[in-house]
Amino acid sequence: MDAQQIVKYKEQLGKIGASLVSQGMKVGLGSGSTAACVIRSLGKRWQEEGLRFEGVPSSIASAKLAESYGIELTTLGECPELDIAIDGADEVTHQGLQLIKGLGGALLREKIVRYAAKKFVIVVDERKLVDKLGEHTPVPVEVTPFGWEATMKHLEKIGASIKVRVKNDHPDFFLTDGGNMILDCDFGIIDDPVRLEKDIISIAGVIESGLFINCTDEALVAGYNGIQHLYK
Ligand code: 5RP
């Protein structure tokens, strides 16, 4: 799949993702480049069709993008229950729609937004589809900066090979919107994501893991044959 093709797929996903939103809905706005295409398409509908909805962004970057189109944003404090959240993902299993998310570093807010929503829809191109999680992507784990070295050791004990995430082309640690660090944890092929999720989350210092288990209702997958709809 070449770069031009990927851009085309993301634009298609943006339009179809945005078509799921109707007047007056409460909408969780995802993060990353594919979710950004959904926000741009929603922005066009906001400006050209007069679509109005309440948006809760899952990152500062998504908030800025939505605001640049004039989309009105709100918070989970004002709007604790959302009709839908639409987001990207890094890996999606064909069966069960289990996910790895967080290569963009927004996993904590994305998970909070997801669990505020009645329906969770993922937009991905077909490169992200896998039989089992862990085929191409480590599991991003958000940890507190305090004592992160100890947290890392505990993650290693449960089988992770870890890279501490740094800023692009910079030796400084990457920090999330919440000021936390990300440890990219390679567990190899993940046979039991439910168990692994529990093991990761039980470690002191872990704030959230990028495993999104049994929580996706639908995946829109762009590929050579158009857009496929996969359901859990
Ligand atoms: C950010 C995420 C993104 O949704 C994920 O990384 C997919 O991004 P992209 O659409 O750019 O491939 O989880 O934390």
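Read the numbers this way: they start at 1 and go in the same order the structure lists the ligands and their atoms. In what follows, every heavy atom counts, from backbone to side chain, and hydrogens, waters and symmetry copies are set aside.
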### Query
Taking only residues at least two apart or on different chains, which pairs with a member in residues 1-29 satisfy salt bridge (charged side-chain N to carboxylate O under 4.0 Å, His left out)?
none
### Query
Would you call Lys101 and Asp87 a salt bridge, using N to O less than 4.0 angstrom?
yes
### Message
Using side-chain contact (heavy atoms from CB on, under 4.5 Å), reason through Arg52 and Gln23 one step at a time and then give a plain yes or no.
### Response
CA-CA 5 Å; Arg52 292 294 177 265; Gln23 200 72 0; 3.8 Å; yes
### Query
Hey, does Phe212 have a side-chain heavy atom less than 4.5 Å from the side chain of Gln98?
no
### Message
My understanding is that only residues two or more places apart in sequence, or in another chain, count here; which of them pass side-chain hydrogen bond (donor to acceptor under 3.5 Å, both in side chains) with Thr74?
### Response
Glu78
### Task
Please list all pairs passing the ring pair (Phe, Tyr, Trp, His ring centres under 6.0 Å) test where one or both residues lie in residues 141-160, with sequence neighbours left out.
Trp148-Phe173
### Message
Which protein residues come within less than 4.0 angstrom of ligand 1, counting heavy atoms only?
### Response
Ser31, Gly32, Ser33, Thr34, Asp87, Gly88, Ala89, Asp90, Lys101, Gly102, Leu103, Gly104, Gly105, Ala106, Leu107, Glu110, Lys128
